[in-house]
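What follows is a short report on a single structure.
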Amino acid sequence: MSELSMPRCWNRETKPHSFCPGCGHGLVLKALGMAVDELELAEQVTFACDIGCSLLAWNFFNFPSLQTHHGRTIPVMVGLKKADSKRVAVAYMGDGGGYSIGLQHLVSTAVRDDPVTVILVNNTVYAMTGGQMAPTTLPGQKTETTPFGRDEAETGFPLKGPELLAGVVHPEAYLARGTVAQVLRLKKTIQKGLETQRKGHFAFIEALSTCPTNWRTNAAATWSFLEREMSDYYQTAEIPH
Amino acid sequence: MEKAVRKERRVFMTGNEVVAWAALAAGAVHMFGYPITPQNEIMHYWRRLAPEYGRGFLQTEDELSAGFTAIGAIIAGKAAFSATAGPGTILFQEPLSMAEMMRLPLVLVVQQRGGPSTATVIYSQQEVTLACFGGNGEGMRLVYSTASHQELYDYTIKAFHHAWSYRFPTLVLGDGYQAKMREALIIYDPAERGWEAIPAEPILGPERIQGGGRPLLHLRNAFSVEEELAEVLREHLDDFARAAPELVEYEFTGEPGAEILVAAHGIVGRAARAAVEELRAEGRPVNFFRAITLRPFPEEALLEALRISGGAMLVVESAVGQFGRMARLAVAGEPLRSFKTLYRPGVGIAAEEIKEAVLA
Amino acid sequence: MRHWKVVAAGEGGQGVQAMAETLALAAYRAGLNALYIPNFGIEQRGGVSLALVQVSERAIGAPKFRTASLVVALSPRSLERTAGYLGPETVILYDSSLVDAPRISDRVVGLQSYDTIAPEAFAERISYHDQRMPVRAAGRGMVALPASDLARQRLHPRVFNMIILGAVVSLTGVVELGAVKGALEEKLNRRFRQDPQLKEHNFQALELGYARIKETMAV
């Protein structure tokens, strides 16, 4: 499949989408779209997105989709799944929603092994609100709230979500980190995450992504930050647990 | 789904047990809860009883999660609810505001405790403003304030039906006394009183057909421009205003020429009723008004009651004017002979005190 | 019948709540309006446990009231804690094996006489009362019953609260003793079946408390 073709489950009426040029969200959602298409799950999926840039995905697909509150996407999908176990629940959020304001939900859901698939986009910043430090901001990285670079002595080290969850998840759960630099691999990772849910277990996929708008980078620098700095700090692999 | 209450029977229970039975009888499918006193036993009873009747329970990591998991279940078309109090009611404003915006029939039972902050686990009527107007919105909620275990049963059942019929989040406002006290009530199969199954259906999905015959597939609470929001809100506010006359409930007893109207809500309404009855027995003509719905507020009924009562009113509540402000606003245009208050924040009020306040 | 407003107070573990709840349940079973509410505040941890019961033929108003028709005090601190509920007509039933009878002045019915009860009074109780101490009215509206001693010597310390309950039933006449036994069977059904002696002890305790009051009143 060419990267230019549109997944069948995409909502054509809302394309071209409204993410910024160079934003990685479109690629993560493409990987998700392809994964759903290939597994023929479009009839079963219910998709929920968070606040932050992820909310722009609220009408991205043809399957039932809703936009929730900041950090609360996971509990909404957990409740939906409890009420209707036939649905395939996909919770989609950024790093602020998943790792900061909603971390208690992420950890508790992982502990309970709730059968939902969580996809978290890590672009190292709060993007929608104008580029503040996120739990994932790299040491030394400049943001609006770390204008002199993230000082880990003051703000700690970037949070590694899948590694954090590795200590609490069920043996059959699925934890992985992918990157928009490798969309097809990301798609496979998401497929495993969806299959894990269908087997009754929790799945979590972090996707390394890009935000040239807030990084204030050109195309080359954007790609370089993703492929060098971010990939050096964050291991893109299935996370053993 | 198996019926939890088939035969009408008289029982002697705590209020928390009543709520659990009412939710079961109504046909609620799932409870999501987080421990906080004084509502805990609602969860305890529900958790024990639910499996017998094929219902579900999840203890969540906090009240935010309890509210949002309930919302998830509701979106999937299941009648879900939670119960909370005090600081939990504060956290619940977040899911409640989403339910308000997206017209989700979230049902929440609040057993009021003392405030502000952690305060007491015992009792208050200090969660009225929070229940009615908490959140960054316009208070588009149905709020029932109960005064007895019978009402706790009746209105919990009604809450599920009206939440799903009118699509506004609905609160049953009890308190720590009602939660913990035991008294008699009749429990019954709601179907025998005209409450058939809760009209629950999936909120989102191919089966939900919206205007133009298209399935409702996309649901949001964030808008890009002011006008877009204003249009949506106008519709919701109109719906709320249109529904209000069908929804308002109150209790009034009295006659023209009374010396004063005693107005209260919830359990304080019982003390007020007892005080009024004693005063009448002593030959004092005193009228009595109890708001059962706090949202929508029975404004016209209160105004009419005040007119009958010669323009004199005593407002009694276990808070400082949370109910009083709504009552005062309802009669704002009316010339008042007197407006007295008996406010006891976080403290129970006995009939004797109300009598004294009337006579003072 | 009159509208009975009962406040019962005791130390944690004395069984105040079980006693109050059983009384309310019995009244409910007898077709009366009954309302029971525990004081479940901070007191429930290591303090005085308070229970309010109302029984009436008419509808019951607020769960809390200002003036009790009957105060049941099972410890010195309980008397202090319930002092605010006393009015001129209030009858006080207290456990005389633990508590000195407070002296009540006819002129000063209220809080003062109870403020004089120091915790040290508790220490003197064992030597002060013997097991043959008769039930007596120790003042205006005061009814003393050495329930704790009776329970320990005649039955079992655990049924102390049922002796008190028997006395309450006798004093108020709100229900027949049989209704209380029925309520108790309903509440403790499984434990009674497992331990028939427990049932026996509880019923005997009820009868003992009931009879003691009847004897006193007859004097």
Side-chain angles (χ1 to χ4, degrees), chain A residues 9 11 13-14 18 42-89 91 97 101-112 114 116 128, chain B residues 28-32 34 55-82 91-102 104 106 135-136 200-208 214-224:
Chain A
C9 62
N11 178 6
E13 288 174 26
T14 57
S18 44
E43 303 279 302
Q44 282 101 297
V45 168
T46 297
F47 172 86
C49 55
D50 215 76
I51 292 296
C53 294
S54 71
L55 84 82
L56 297 174
W58 75 280
N59 56 1
F60 204 95
F61 294 100
N62 282 328
F63 38 69
S65 309
L66 77 147
Q67 168 253 320
T68 75
H69 279 194
H70 193 30
R72 314 303 170 213
T73 303
I74 292 172
V76 171
M77 286 293 97
V78 168
L80 179 114
K81 185 80 182 184
K82 290 266 175 211
D84 186 353
S85 58
K86 295 190 303 300
R87 298 205 193 204
V88 172
I101 195 170
L103 184 63
Q104 76 273 38
H105 307 311
L106 177 60
V107 171
S108 303
T109 296
V111 167
R112 289 189 300 256
D114 293 321
V116 295
M128 180 70 94
Chain B
V29 177
H30 219 107
M31 179 181 189
F32 298 88
Y34 184 79
R55 322 295 172 88
F57 173 78
L58 179 68
Q59 179 170 332
T60 56
E61 56 275 18
D62 58 19
E63 285 90 350
L64 295 165
S65 183
F68 283 103
T69 44
I71 280 175
I74 287 162
I75 283 166
K78 300 288 162 58
F81 76 109
S82 189
L91 290 181
F92 249 99
Q93 296 313 313
E94 202 194 319
L96 281 170
S97 85
M98 182 161 132
E100 226 175 288
M101 182 79 249
M102 298 165 95
L104 304 174
L106 175 61
N136 55 338
E201 57 177 356
I203 303 265
L204 176 70
E207 54 279 78
R208 177 83 190 279
R214 285 157 55 103
L216 179 64
L217 288 180
H218 303 108
L219 204 57
R220 63 173 166 163
N221 55 58
F223 302 92
S224 306

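Below, chains carry the letters A, B, ... as their sequence lines are ordered, and counting in each starts from 1.
Rounded to the nearest 0.5 Å, atoms CD1 (I75(B)) and CZ (R87(A)) are 9.0 Å apart. Atom CG of N62(A) sits about 6.5 Å away from atom NE2 of H218(B), to the nearest 0.5 Å. The distance from the CD atom of E94(B) to the NE2 atom of H69(A) is 6.0 Å, given to the nearest 0.5 Å. Annotation: the span from N59(A) atom CG to L219(B) atom CG amounts to 11.5 Å, rounded to 0.5 Å. The distance from atom OG1 of T68(A) to atom CG of N221(B), rounded to the nearest 0.5 Å, is 7.5 Å.
With contacts defined as side-chain heavy-atom distances shorter than 4.5 Å, the pair D62(B)/Q104(A) qualifies. Within the 4.5 Å cutoff, side-chain heavy atoms of L66(A) are placed close to those of M102(B).
For a residue to count as touching a neighbouring chain, one of its non-hydrogen atoms must lie under 4.5 Å from one of that chain's; by this rule F61(A) touches chain B with the backbone only. Both the backbone and the side chain of L204(B) come within contact range of chain A, judged by heavy atoms closer than 4.5 Å.
Contact tally against chain A (heavy-atom pairs below 4.5 Å) for M98(B), K78(B), R208(B): the top residue is M98(B). Per-residue counts of heavy-atom pairs under 4.5 Å with chain A were compared for L58(B), L64(B), T69(B); the largest is that of T69(B). In terms of heavy-atom pairs under 4.5 angstrom with chain B, the leader among E43(A), K81(A), M77(A), R112(A) is R112(A).
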